[in-house]
Amino acid sequence: MANLAKLAVCGGFAPSANGVSSIPPENETGHSEPTRKGISMTTSIGRRAFLKGALASGAIAATGALAGCAPSEKTNAADKADDSVGTSNNGTAQTAETAQREWAFEIPPEPIADDAITEVIEADLVVVGAGTSGLITAVSAAEEGLNVVVVSASEKPVARGGSNNAVFCTAMEREGFEKLTPFMFQKEIFYAGNQVDEAKWYRHYNNSETAMNWVISIMENAGYRVKVEKGTPGSPTSLYYETCSVGWDYGEDMEPNPDIPAGTGMMQPLLVGELARRLTEELGGRIDFKTKGEQLMRDDDGNGRVSAVICSREDGSYAKYTGSKAVVLATGDFSANRDMMYRYAPNYAPYIADEVYDGETNYDAGFQYGGLFKGDGQRMGLWVGAGWQKVFPNCVMGGFFGPGPRNLYSNFLGLLVNTNGQRFMNENCLSPCAGMNNYGQPGKTVFALWGRDYASQVELSGSWNNDSMLEGDPAAVAAAIVESWDKDVEAGAMVKADTLEGVIEQLGLPTETIDTVNRYNELCLAGDDVDFHKDPSCLHPFGEGPYYGQSSGGMLIFLTVLGGLATDPQMRVCDKNDVPIPGLYNVGTMVGDMFATNYTFMVEGANYGANCITFGYLTGKHIAANE
């Protein structure tokens, strides 16, 4: 069990030999199971398929191996730099002194020599990256008549997940959803401590309907269906209320791709595939895959316009791609770069596995947990004088998600206790937000306790995916939910007993935990939580057994790190003085100052919807009209 405990604490998965994050395979019941040698790995996973089989059971809690992973002791090329250059110090936390030093990743490499460049490709616009944001930008610009070339280190268009935010659109109107109010955005901005760039948020609010309807038209004209993904149920006046996001599905008579996980929130690959097809087959654009951006070229001895990007090719040669109007970076995150994580997201840096930091980048990775890219675009920008965003630390998507059955992004609404058996929060929350509280508990570990009656007390989803939201006869739905819990017990993801004392013992909690349970039950029966003031509608007594429990195991569900280069509301990359660098833009995950603290999902699908679709659409049009 010691190996499984480390699995849960160190990112919730074990990395494979090639550095690609993996999770335990699923058995016939849909749950993960250990092999004789530990945990067998696969990279296939649903966006919302919470890693039930990898969650720690009471046996893991009892090991005491829940304090977190030790900082990495491995080094990378940056550690070989001169002592005057700040590095991750072999993975330890940075100090005030090292934070002020120039880090190795900030130092430009030697320029690629002219005689090493075997081909020059000229275009109006060069986009680096063939994900959602890059392809949206490319198609938007190509529709305005620009000659667009996309270069990508991947071998095909790439995407992960599939929730796309818009404040309103034709698909929402068809399905009876109302337009999002500005209050939804104000809550998000306030949650971020008002650190984020409000101009970007309201630019999305004011333009997302136009951008999303444009994308919907593209997809429906190509025969795809457009679906609305429901948010976590609740009152619109709730602090954590969510509404919906937009996703994609196969059209009639389309053959599903077995490599794309089913579910509205997982089918972004359909969008990027269609965007790539439209760009190359209908708009005269070009995509060069397996072509990695290495260095930007800035005119006038590094003081003028960014005019080109030099790329390496699969055969080892170099090509220069010139953009007479602009170069757009859309290269994703930096979560697989040890030094950048310790510099800009030190609170989460220790939880990325060494195999990810030290391994080769898989530019074709689909949905996975535990680290993605090495900040290629961010580093290229820094080398030509770009500044870094003002928000610190960089926001992450994912976090220490809590245990227990819940609905979509909601937190478990029953009783949560820490390793001391004490209640520590108002459980009525979104899970990503609650995770920040979980992170601060002893051992970064919390436990959920509930009874059989919980299945009929709270609206639940059968598999943490709203596409399978259980509906129908209430008694039948409750029975199905209990059946799913029992399967999780069989898989080792939950514990079960006829008494609450039995559950407490299996979880390895102190016997005094029963006093906490009894106190909570009294509050529920009274309908008044005088301890943590939870909404009375969320106070559900335990009732009769059997009873269940689950440990978070200190598990980190890490998807990506957000932000990077200083970026103005027009997506122009800026220098340290907030002056735009001529000819250089960025879109997508790497847009600076859009998110802070943690990614809440309150504005569901904001990263794809705002950073990728709205900003990509507007950037393509802006470049065509202004550069």
Item to complete: Evaluate the side-chain contact (heavy atoms from CB on, under 4.5 Å) criterion for residues V127 and V151: first the C-alpha distance (whole Å), next the side-chain angles of each, then the deciding distance (0.1 Å), finally the verdict.
Response: CA-CA 6 Å; V127 178; V151 295; over 6 Å; no
Worksheet entry | side-chain hydrogen bond (donor to acceptor under 3.5 Å, both in side chains) evaluation trace for T600 with E188 | CA-CA 8 Å; T600 68; E188 186 74 62; 2.8 Å; yes
So, [X] side chain and [Y] main chain: donor-acceptor pair closer than 3.5 Å or not?
X	Y	answer
Q368	G371	yes
Q295	I112	yes
R160	A365	yes
R406	S410	yes
N165	E604	yes
Q389	G564	yes
R379	K374	yes
N337	M340	yes
S152	G129	no
T567	L565	yes

Item to complete: Would you sort out whether S335 and M341 count as a side-chain contact (heavy atoms from CB on, under 4.5 Å), showing the intermediate values?
Response: CA-CA 6 Å; S335 58; M341 285 293 292; 4.3 Å; yes
Compare all side-chain heavy atoms of [X] with those of [Y] and state whether any distance is below 4.5 angstrom.
X	Y	value
L329	M590	yes
W383	E106	no
C311	E294	no
V128	Y321	no
M425	N411	yes
Q195	F392	no
V272	V158	no
V150	F289	no

Return yes if a side-chain donor-acceptor contact under 3.5 Å exists between [X] and [Y], otherwise no.
X	Y	result
N598	Y191	yes
D593	W388	no
Q268	N164	yes

What distance separates [X] [atom1] from [Y] [atom2], expressed to the nearest 0.5 Å?
X	Y	atom1	atom2	answer
K200	I189	NZ	CD1	11.5 Å
T619	M571	OG1	CE	6.0 Å
C395	Y599	SG	OH	9.0 Å
M266	S163	CE	OG	9.5 Å
C574	I581	SG	CD1	7.5 Å
L584	D575	CG	CG	11.0 Å

Discussion item. I'd like to know whether NZ of K187 has more than 12 heavy-atom contacts from other residues, nucleotides or ligands below 6.0 angstrom.
Written reply: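 Buried by this count: over 12 neighbours within 6.0 Å.
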Worksheet entry | Parallel, tilted or perpendicular: ring planes of F373 versus Y363, cut at 30 and 60 degrees |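 Judged by the thresholds at 30° and 60°, the geometry between F373 and Y363 is parallel.
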Discussion item. Can you tell me how the ring of F615 sits relative to the ring of H204, calling it parallel under 30°, perpendicular over 60° and tilted otherwise?
Written reply: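 Ring orientation, 0 to 90° scale: perpendicular.
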List the atom of [X], the atom of [Y], and the distance in Å for their closest heavy-atom pair.
X	Y	answer
N347	Y439	O-OH, 3.3 Å
C429	A434	SG-N, 3.5 Å
L372	A336	O-CB, 3.6 Å
A330	S133	CB-OG, 3.5 Å
I260	P269	CD1-CB, 3.6 Å
G162	Y608	N-CE1, 3.9 Å

Residues 556-563 side chain polar contacts: donor-acceptor under 3.5 Å, at least two apart:
residue	atom	partner	partner atom	Å
T560	OG1	D333	OD2	2.8

Practice prompt. Determine, for D197 against K390, whether the closest basic-nitrogen to carboxylate-oxygen distance falls under 4.0 angstrom.
Written response: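 Judged by the 4.0 Å cut-off on N to carboxylate O distance, D197 and K390 do not form a salt bridge.
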Item to complete: Check the pair N611, F595 against side-chain contact (heavy atoms from CB on, under 4.5 Å), reporting the backbone distance first and the verdict last.
Response: CA-CA 10 Å; N611 285 350; F595 299 99; 3.4 Å; yes
Fill in: Sole residue of Y342, Y344, F334 in ring-ring contact (aromatic ring centres under 6.0 Å, His included) with F105
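When Y342, Y344, F334 are each tested with F105, the ring-ring contact (aromatic ring centres under 6.0 Å, His included) holds only for Y344.
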Worksheet item: So which pairs with a foot in residues 555-565 pass salt bridge (Lys or Arg N to Asp or Glu O under 4.0 Å), sequence neighbours left out?
Response: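 Qualifying pairs: none.
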Worksheet item: Stepwise, does the side-chain contact (heavy atoms from CB on, under 4.5 Å) test hold for V215 with L271?
Response: CA-CA 9 Å; V215 176; L271 174 62; 3.6 Å; yes
